[in-house]
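In what follows, a structure is listed as structure tokens, so that the remarks can point back to it.
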Amino acid sequence: QVQLVESGGGLVQAGGSLRLSCAASGLTFSSYAMGWFRQAPGKEREFVACISRFGGTTYYADSVKGRFTISRDNAKKSLYLQMNGLSPEDTAVYYCAARNSVVGTTSPTLYEYWGQGTQVTVSS
């Protein structure tokens, strides 16, 4: 079955960096656009970034643009999110998601598969 497993979350001070990874199995990874979403306590899940099947097209939420970078390695069936300049407002559970399409989308309902999430906590 399809599995998406996130890793790399943790506790970091404001201004610090983290790199999240998402390892995929059970699917033809290069056939899927991928996305990162996050959900803070008491809030709805929100779009962070997405990347097309072969990585040529990326798109970011305004709140992370210039600080976060999404990338993928199809040979390793892996998705990444480099997060720099973290602030307490970035504290959330971060999820990777797969969409059987050429390009990603900001809508979480259009992704078929989801990971279990990894916690990112940024202290002030």
Side-chain angles (χ1 to χ4, degrees):
Q1 72 276 21
V2 175
Q3 280 194 310
L4 301 175
V5 180
E6 301 95 336
S7 61
L11 174 64
V12 64
Q13 289 188 331
S17 299
L18 282 175
R19 188 190 193 213
L20 305 184
S21 298
C22 172
S25 62
L27 77 169
T28 303
F29 187 67
S30 59
S31 295
Y32 287 76
M34 300 295 294
W36 285 101
F37 291 78
R38 66 187 182 186
Q39 188 165 19
K43 295 188 176 181
E44 291 187 353
R45 190 167 299 190
E46 67 169 352
F47 169 78
V48 174
C50 64
I51 188 167
S52 58
R53 287 171 54 188
F54 297 107
T57 301
T58 58
Y59 185 72
Y60 298 91
D62 286 344
S63 59
V64 307
K65 200 174 295 182
R67 299 187 299 124
F68 291 10
T69 302
I70 188 172
S71 63
R72 65 190 294 162
D73 185 333
N74 285 351
K76 295 182 178 179
K77 295 187 176 182
S78 293
L79 176 73
Y80 307 101
L81 186 68
Q82 178 67 43
M83 305 187 295
N84 299 327
L86 286 162
S87 71
E89 290 71 33
D90 295 314
T91 294
V93 177
Y94 283 71
Y95 300 89
C96 67
R99 180 185 187 218
N100 192 355
S101 177
V102 174
V103 294
T105 176
T106 62
S107 174
T109 61
L110 296 180
Y111 288 81
E112 287 91 347
Y113 301 108
W114 291 82
Q116 83 291 346
T118 185
Q119 176 71 48
V120 171
T121 303
V122 185
S123 63
S124 57

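Keep in mind it's a predicted model, so treat the numbers as computed, not measured.
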Discussion item. For a 4.5 angstrom cut-off between non-hydrogen side-chain atoms, does D90 reach R67?
Written reply: yes
Discussion item. Side chains of D73 and Y80, heavy atoms from C-beta outward: is any pair under 4.5 Å?
Written reply: yes
Discussion item. Could you check whether any side-chain heavy atom of R99 comes within less than 4.5 Å of a side-chain heavy atom of E112, counting everything from C-beta outward?
Written reply: yes
Worksheet item: In Å and rounded to the nearest 0.5 Å, what is the CZ to CE distance from R19 to M83?
Response: 11.5 Å
Fill in: Cluster check Y60, M34: I/L/V/M/F/W/Y, side chain < 4.5 angstrom
yes
Fill in: Shared hydrophobic cluster, L20 / F29 (ILVMFWY, side-chain heavy atoms < 4.5 Å)
yes
Item to complete: Locate the shortest heavy-atom distance separating L18 from G8; write the atom from each residue and the value.
Response: CD2-O, 3.8 Å
Worksheet item: Closest approach of S17 and G85, non-hydrogen atoms and distance?
Response: OG-N, 4.4 Å
Discussion item. Quick check on the hydrophobic clustering: are V120 and W114 connected, directly or via other members, by side-chain heavy-atom contacts under 4.5 Å?
Written reply: no
Discussion item. When you measure from the side chain of E6 to the backbone of Q116, do you find a donor-acceptor pair of N or O atoms at a distance under 3.5 Å?
Written reply: yes
Worksheet item: Parallel, tilted or perpendicular: which fits the ring planes of Y94 and F68, with parallel below 30° and perpendicular above 60°?
Response: tilted
Worksheet item: At what distance, to the nearest 0.5 angstrom, does CZ of R38 lie from OG1 of T118?
Response: 14.0 Å
Response to the item:
When rounded to the nearest 0.5 Å, the distance separating OG of S21 from CZ of R72 is 13.5 Å
Worksheet item: Around atom NZ of K65, are there more than 12 heavy atoms of other residues, nucleotides or ligands at under 6.0 Å?
Response: yes
Discussion item. Please find the pair of heavy atoms, one from T105 and one from C50, that lie closest to each other, and give the distance.
Written reply: N-SG, 3.9 Å
Worksheet item: Any side-chain heavy atom of T91 within less than 4.5 Å of one from Q119?
Response: yes
Worksheet item: What heavy-atom pair brings N74 and S30 nearest, and what distance separates the two atoms?
Response: ND2-CB, 3.5 Å
Worksheet item: Is there a chain of hydrophobic side chains (I, L, V, M, F, W, Y, each step under 4.5 Å between heavy atoms) that links Y59 to Y95?
Response: yes
Discussion item. If you compare all heavy atoms of G35 against all heavy atoms of Y111, which two are closest, and at what distance to 0.1 Å?
Written reply: N-CE2, 3.7 Å
Worksheet entry | Test side chain to side chain contact (heavy atoms under 4.5 Å, CB included) applied to I51 and L79, T69, T57, the passing residue | L79
Worksheet item: Any idea which heavy atoms bring P88 and A14 closest together, and the distance?
Response: CD-CB, 4.2 Å
Discussion item. To the closest 0.5 Å, what do you measure between CG (L4) and CG (L27)?
Written reply: 6.5 Å
Item to complete: Please answer: with hydrophobic residues joined when any side-chain heavy atoms are less than 4.5 Å apart, are L81 and L86 in the same cluster?
Response: yes
